[in-house]
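Below is one structure, written out as structure tokens, with a few remarks after it.
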Amino acid sequence: MPTPPSAPKRPHFITQHARTRQDDYYWLRDREDPQTIAYLEAENDYLKSVLAHTDDLQTALVQEMKARIPERDVSAPLQRGDYFYYTRMEPGKEYPIYCRKPVATEDSEEILLDQNLLAEGHPFCGLGAFEVSPDHTLLAYLLDTEGSETYTLHIKNLITGEMFPDTIPNTNGYLRERIGLAWTNDQKCLYYTTLDDAHRPYRLYRHTLGSDPTQDSLIYEEVDPTYGMYITPSRSEAYLWVQLNSTSSVEYRFLPLASQEPQLKVVIPRQPFIEYSVDHLAASDGPGHLLILTNDGASNFRLVSAPLEDPRPENWSEIIPNRASVTLEEVQVFKQDLVVIERENGLRRVRISDGDGISNLRTIPMPEPAYALEPDINPTYETRTLRFIYTSLVTPRSVIDYDMDSMTWTTTKQDEIPSGYDPSLYTTERLHAPAPDGVMIPISLVYRKDAAPFPAPLVLYGYGSYGASMDPAFQANRLSLLDRGLIFAIAHVRGGSDLGRGWYEDGKLLKKKNTFTDFIACAEYLIAHGYTSRHKLAILGGSAGGLLVGAAMAMRPELFRAVVARVPFVDVVTTMSDPTIP
């Protein structure tokens, strides 16, 4: 075996809070230093050398994985008003084409944006927020052609195909969540946010179509650098939500999208460690009221209603109380139905009721004991159809349309595996490993039913940060492991919210070490129960999960055969203390 490169030590001293620490590898942060580049090139050369005997296998794996990706694909159409909106992929093209068809005819496709054309001449092309005007004649979208996640706002006339000249740089927003852009009800104006030098969205502007963007009205500026700003229209399309987020506190402000002279109103003033989300439930005989999902007096969140004119806590009416074993994660308001996404025993479920949150209560039964579920954006307020994404370790990503009236489930689209896939060949299990403090840590795993006798090679994945839950979802690339007799397992360690808010709190700050010892306990359990051995066990994590597997490797190096750390966040204190990093 060749000798791996070794980075030389260059002592660097950092003083913070009257304490000094020594970082011998601080010099590697300088990407312009020729010695840094030389070291990285030496690492890459070493990698190629030690993996040279796997070149044929790598080629075979790439071909297998490519064969599972359909070159031609069309998303499940989503109805908004009189149109079905969808995207499609064409063979040989890297980016989607955004289209729509009238609901009435459904045979006359209109291309709204071809991202392949937008990408021409650029090294990168990313689409941010994408918002059609209320009358479906205008399109506002954000485009990034550098990869910096700093977007430029463009506006297109969907009737004539012409682009408006008023483009606006340095904007921010996301396609998936409808965050970053909102039209006024008369579609004459558009709300957007801009970034400060630290890449923080902090200013809210209102732009009048056809006017000079430099003269746009500044509606609000967030001066606290620990808060970021995110805007989205309410599901009723009556209000603009302005969400101000810090690490552990949230504040919402709102204004009517019909107003010609908008004034922001605070829902609940920001308070330390109080988080909430809000939406509007319209009424036929008045302005309606607000539904607020909050952790105020509720560690796992509770749902309350509040009068829109005065939503202070003393005016709240509780709809769903805090429950020790159930976490409320999301609320979607429809004209006739109230949908709540809950989590119990590590799994999400869908709770549906009438608008009062109590009457006609029912839940959607799920077909498998372990699965992942994600609500779609469901842009139509009046619909009785709830769309969500369903998947499991053996079920490919499926778009489900659920009729909330008849309570029937329709699979509108399931991801295709062109090279073929038989889910009956695979099986999943849900295990629980005891942590050092006695807490039981869930493990989800999948393998082929005809896999070689255990102990088998096993890849153990973990994350455990920011309250993110690692639900058991399908990955087509994973089949290349399973079909070679490997087991894939997910350790649902503390630091995520898999078992509620307490699961997150017990894996952060001074309790962060639980994340690492939970993961090690899962590895030991899988070895002790014969699923694998320490000679066949690999661990995998990315970003904050890279921190997890790096810590596990440092604490128990004898326990693992291989460690895959994808973009590992392992220099936490120095990085988080650096004010030059966004």
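Using a 4.5 Å heavy-atom cutoff, the side chains of I389 and V399 are in contact. By the 4.5 Å heavy-atom criterion applied to side chains, L204 and L218 are not counted as neighbours. Between K48 and E43, every side-chain heavy-atom pair lies at or beyond the 4.5 Å cut-off. Looking only at side-chain heavy atoms (C-beta outward), K156 and H154 stay at 4.5 Å or farther from each other. Proximity of L113 to L127: side-chain heavy atoms (C-beta onward) are separated by under 4.5 Å at one or more points. Between E110 and C99, every side-chain heavy-atom pair lies at or beyond the 4.5 Å cut-off. With contacts defined as side-chain heavy-atom distances shorter than 4.5 Å, the pair L257/W183 does not qualify. Counting only heavy atoms from C-beta outward, the side chains of Y98 and D114 never approach each other to under 4.5 Å.
Atoms OG1 and CZ, on T193 and R200 in that order, are 11.0 Å from each other to the nearest 0.5 Å. One distance of note links CE of M229 with CG of D196; it measures 10.5 Å at 0.5 Å rounding. One finds the CG atom of D23 at 6.0 Å from the CG atom of D571 (value rounded to the nearest 0.5 Å). Between the CD atom in E71 and the CD1 atom in I69 there is a gap of 9.5 Å [rounded to 0.5 Å]. To the nearest 0.5 Å, atoms OH (Y151) and CG (L195) are separated by 10.0 Å. In this structure, the separation between OH on Y174 and CG on L181 is 12.5 Å, given to the nearest 0.5 Å.
For the residue pair T294/D296, the side-chain donor-acceptor check at 3.5 Å is not satisfied. With no hydrogens or angles considered, no side-chain donor-acceptor pair links R206 and T184 at under 3.5 Å. A donor atom on one side chain and an acceptor atom on the other are not found under 3.5 Å apart for S305 and H289. In summary, the side chains of T515 and K508 do not present any donor paired with an acceptor at a separation below 3.5 Å, with no hydrogens or angles considered. D376 and N378 form no side-chain donor-acceptor contact under 3.5 Å, judged by distance and modelled atom types alone. Side chain to side chain, N170 and T194 fail the donor-acceptor criterion of an N or O pair below 3.5 Å. With 3.5 Å as the limit, one finds a donor-acceptor pair spanning the side chains of R10 and Q35. Side chains of T226 and D224: a donor-acceptor N/O pair is present below 3.5 angstrom, by distance only. Residues Y39 and E41 bring no donor and acceptor atom of their side chains to less than 3.5 Å of each other.
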Query raised in the report: Is there a side-chain hydrogen bond (donor to acceptor under 3.5 Å, both in side chains) between Q243 and N245 once you walk through the steps?
Result: CA-CA 6 Å; Q243 182 182 6; N245 277 10; 3.0 Å; yes
Report task. Kindly indicate, with the supporting measurements, whether the criterion side chain to side chain contact (heavy atoms under 4.5 Å, CB included) is fulfilled by F164 and N157. Result -> CA-CA 7 Å; F164 281 71; N157 187 318; 4.1 Å; yes
Report task. Could you go through the side-chain hydrogen bond (donor to acceptor under 3.5 Å, both in side chains) check for D401 and T412 one step at a time? Result -> CA-CA 6 Å; D401 283 341; T412 302; 2.8 Å; yes
Report task. Given side chain to side chain contact (heavy atoms under 4.5 Å, CB included), test V278 with F254 step by step and report yes or no. Result -> CA-CA 10 Å; V278 62; F254 67 104; over 6 Å; no
Requested in this report: Could you check Q332 against Y381 for side-chain hydrogen bond (donor to acceptor under 3.5 Å, both in side chains), going step by step and ending with a plain yes or no?
Outcome: CA-CA 9 Å; Q332 288 197 355; Y381 180 65; over 6 Å; no
Requested in this report: Start with the C-alpha distance between S577 and Q16, add both sets of side-chain angles, then the distance that settles side-chain hydrogen bond (donor to acceptor under 3.5 Å, both in side chains), and finish with yes or no.
Outcome: CA-CA 9 Å; S577 303; Q16 291 176 297; 3.0 Å; yes
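Electrostatic pairing of D73 and K413 counts as a salt bridge here, judged by a charged N lying under 4.0 Å from a carboxylate O. The pair E505-K512 fails the salt-bridge criterion, with no side-chain N (NZ, NE, NH1 or NH2) lying under 4.0 Å from an Asp/Glu carboxylate O. Ionic pairing of R29 and D578 is present here: one or more N-O contacts between side-chain nitrogen and carboxylate oxygen are shorter than 4.0 angstrom. Ionic pairing of E221 and R203 is present here: one or more N-O contacts between side-chain nitrogen and carboxylate oxygen are shorter than 4.0 angstrom.
Listed here is the closest heavy atom pair of E131 and P233: OE2-CG, 4.1 Å. Nearest heavy atom pair, residue F84 against residue P77, reads CB-CB, 3.9 Å. A pairwise comparison of heavy atoms in P311 and I268 identifies O-CG1, 4.2 Å as the closest pair. Among all heavy-atom pairs drawn from P169 and T152, the shortest one is CA-OG1, 4.0 Å. R348 and E374 make their closest contact through NH1-CA, 3.7 Å (heavy atoms, listed as atom of the first residue, atom of the second, distance). Scanning both residues, S148 and H199, for their nearest heavy atoms gives O-CE1, 3.1 Å.
In this structure, the side chain of S497 does not engage the main chain of A468 through any donor-acceptor pair within 3.5 Å. Checked by atom type and distance alone, the side chain of S133 pairs as donor or acceptor with a backbone atom of T137 at under 3.5 Å. T383 places a side-chain N or O within 3.5 Å of a backbone atom of T385 that can act as its donor or acceptor partner. A side-chain donor-acceptor contact under 3.5 Å links D166 to the backbone of G210. With hydrogens and angles disregarded, no donor-acceptor distance shorter than 3.5 Å links the side chain of D498 to the backbone of S469. One N or O on the side chain of S234 and one on the backbone of E237 form a donor-acceptor pair closer than 3.5 Å. Judged purely by atom type and a 3.5 angstrom limit, N295 uses its side chain to pair as donor or acceptor with the backbone of E275. Between the side chain of N116 and the main chain of E94, a donor-acceptor pair closer than 3.5 Å is present.
Each of N172, T171, L175 was evaluated against L142; a single residue qualifies, T171, per the side chain to side chain contact (heavy atoms under 4.5 Å, CB included) test. No option in L153, T208, I168, T167 other than I168 meets the side chain to side chain contact (heavy atoms under 4.5 Å, CB included) test with P213.
Checked against side-chain contact (heavy atoms from CB on, under 4.5 Å), P272 has no partners two or more places apart in sequence or in another chain. Checked against ring-ring contact (aromatic ring centres under 6.0 Å, His included), F388 has the following partners two or more places apart in sequence or in another chain: W409.
Using cut-offs of 30° and 60° on the angle between ring planes, the pair H207 and Y192 is perpendicular. A tilted orientation is assigned to the rings of H136 and Y83, their planes being inclined by 30° to 60°. Ring geometry, Y466 versus Y463: the interplanar angle falls from 30° to 60°, so the pair is classed tilted.
The side-chain tip of R235 points at the ring of F334 from less than 6.0 angstrom away and within 45° of straight on. Relative to the ring axis of Y227, R270 places its NZ or CZ within 45° and under 6.0 Å from the centre.
The aromatic ring centres of Y205 and Y191 sit 6.0 Å or more apart.
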